[in-house]
Amino acid sequence: MDFRFDIVTDYMPFFLRGMGITIGVSLAGVLIGLILGLIIALGKMSSNKWIRLPFNIYINIFRGTPLLVQLLIIHFGIVPMFMSPSNPLVSLVIGLSLNSAAYIAEIFRAGIQSIDKGQMEAARSLGMTRVQAMKLVILPQAVKRVIPPLGNEFIVLLKESSLGSVLAAPELMYWGRAAAGQYIRVWEPYITVALIYLVLTLSLTYLMNYVERRLSTDDQR
Amino acid sequence: MINVKNLKKSFGNNEVLKDISVDVAPQEVVVVIGPSGSGKSTFIRCLNMLENINGGHVMIDGKDLTDKKTNINEVRTDVGMVFQHFNLFPHKTILENITLAPINVRGMKKAEAEEKARVLLAKVGLAEKASAYPESLSGGQKQRVAIARALAMEPKVMLFDEPTSALDPEMVGEVLEVMKQLARDGMTMIVVTHEMGFAREVGDRVIFMDNGYIVEQNEPKALFDAPQHERTKAFLSKVL
Ligand SMILES: Nc1ncnc2c1ncn2[C@@H]1O[C@H](COP(=O)(O)OP(=O)(O)OP(=O)(O)O)[C@@H](O)[C@H]1O
Ligand SMILES: [Mg+2]
């Protein structure tokens, strides 16, 4: 088998641009997902079951159906209602955000509920409101515990953003498929794209390990 | 100061407090004893609504906790609570543990709160630990910080739920000493404890609880030396 490096070099500018977009949409996805996820997590922990219900439904729908299906519905069904023509990048960011919000909500909930309930009781017994206790006592402690699973979620999202290629969002995988189509070749474009994903996810893993080590030494002060 | 009338509390079908009525006068020190599962913790947790009350009334300094119009957070600032497992905030220094509520709940200035916190820390003998974190403290030190933290809100009443039960024996004394000082200073206190020596020495009254009822209450000497009820006798014979 001859490996045509010229295809790789020809397409490198597009791969790099695609990589930038992949990083961008994934980052936007987790950031929006973080905010929505926190709200959903708090909603799901409400003591009122009627408030909990819609948040539960949300989480079940977004975790229980394939992201690809969600993206297609969002891009071809929902986004066209308020944007025409619908922009695949916008659809991709919306899809990734809504999807990651469901997973991040569960990460937050697990993190918050892992904090000893005596902490909430101590805070409340000092006269703090529920919101104050969350903000000043529970969340600062929960943050440390949710950082590792959030890192995982970011890595998952980065890989899943490749589904954006189906919407023709010009991220990394889109350019891989474009190159494959133009040269009618499989190995060169897909191996290159795979390697770029690998570099991204391994760098992230390394970064997460570093952050985790820092947090655990903080614990020992 | 505290008036409890026909207090009832259930967890599901398990009726834990059946009909508790008791009044506590200002500056009185009331010690609550009783077998495990008799409802002692549940009782004092009802006094600041850490448990929802199912029936009856709890009045703290004239405010009825069961009244929907009562601001429970406000009442809680008047009721300090010390837990068996300290429940210090591990992400805050000792000083921050003590100033957190005064600053955020009372709206006190940081400098003023810190100054007060240092006075309280000195009072519990831990002045030099202000900038340490809870995990570097021994159990006895943690519990003394927890007491200082509760006192920082200037409560009118202090509740203690087995404050020395999680401590190594050699640390029990230092915590009891702080509590005795507090009693001498005139704090109204309700203390759940197995420390009968403490009950005898500083208690104005001892309440014996069993199975969700107050079986018997009296001055410590009378209750310990001449218990009236069989169940009290049986319990005391096991612990004394
Ligand atoms: N949150 C809860 N949910 C359900 N049942 C509970 C809860 N808290 C306490 N109970 C039950 O209420 C009863 C009384 O418990 P409580 O903790 O008040 O007893 P206690 O007198 O403090 O005992 P101990 O000396 O062991 O601390 C027990 O049967 C316990 O199982
Ligand atoms: Mg108890």
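Chain naming here is simple, since letters A, B, ... match the order of the sequence lines and numbering starts at 1 in each. It should be emphasised that the depicted structure is a prediction, and the values quoted were computed from it without experimental measurement.
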Worksheet entry | B:Asn73 side, atom CG; A:Gln132 side, atom CD - distance, nearest 0.5 Å | 7.5 Å

Item to complete: Mind checking the CZ-CG spacing from B:Arg76 to A:Leu126? Nearest 0.5 Å is all I need.
Response: 10.5 Å

Worksheet entry | Part of B:Leu159 within contact of chain A (heavy atom distance under 4.5 Å) | neither

Worksheet item: Taking B:His85, B:Arg149, B:Met81 one by one, which has the highest count of heavy-atom pairs under 4.5 Å against chain A?
Response: B:Arg149

Item to complete: Please round to the nearest 0.5 Å and tell me the distance separating atom OG of A:Ser125 and atom CZ of B:Arg45.
Response: 10.0 Å

Fill in: Region of B:Asn104 that comes under 4.5 Å of a non-hydrogen atom in chain A
both

Worksheet item: Just wondering, more than 12 heavy atoms not from B:Glu115 lying within 6.0 Å of its CD?
Response: no

Response to the item:
Rounding to 0.5 Å, atoms CE (A:Met120) and CG (B:Leu50) come to a distance of 11.0 Å

Response to the item:
Okay, A:Glu121 and chain B: the region with an atom under 4.5 Å from a heavy atom over there is both

Discussion item. Can a donor-acceptor pair be found, under 3.5 Å and without considering hydrogens, that links the side chain of B:Asn87 to the backbone of A:Ala122?
Written reply: no

Worksheet entry | Contacting moiety of B:Phe83, where chain A heavy atoms sit under 4.5 Å | side chain

Discussion item. Can you confirm whether B:Lys116 is buried at NZ, in the sense that more than 12 heavy atoms of other residues, nucleotides or ligands lie under 6.0 Å from that atom?
Written reply: yes

Discussion item. Would you say that more than 12 heavy atoms from the other residues, nucleotides or ligands in this model lie under 6.0 Å from the CZ of A:Arg130, or not?
Written reply: no

Practice prompt. Please check if atom NZ in A:Lys135 has more than 12 non-hydrogen atoms from other residues, nucleotides or ligands closer than 6.0 Å.
Written response: no

Worksheet entry | Under 3.5 Å: donor-acceptor pair, side chain of B:His91, backbone of A:Leu136 | yes

Discussion item. Could you measure the distance from the CD atom of A:Gln119 to the CG atom of B:Leu88? Nearest 0.5 Å is fine.
Written reply: 8.0 Å

Practice prompt. Check for a donor-acceptor pair, side chain of A:Gln141 on one end and backbone N or O of B:Pro90 on the other, with a separation under 3.5 Å.
Written response: no

Worksheet item: With a cut-off of 6.0 Å (strictly less than), are more than 12 heavy atoms of other residues, nucleotides or ligands near CZ of B:Phe11?
Response: yes

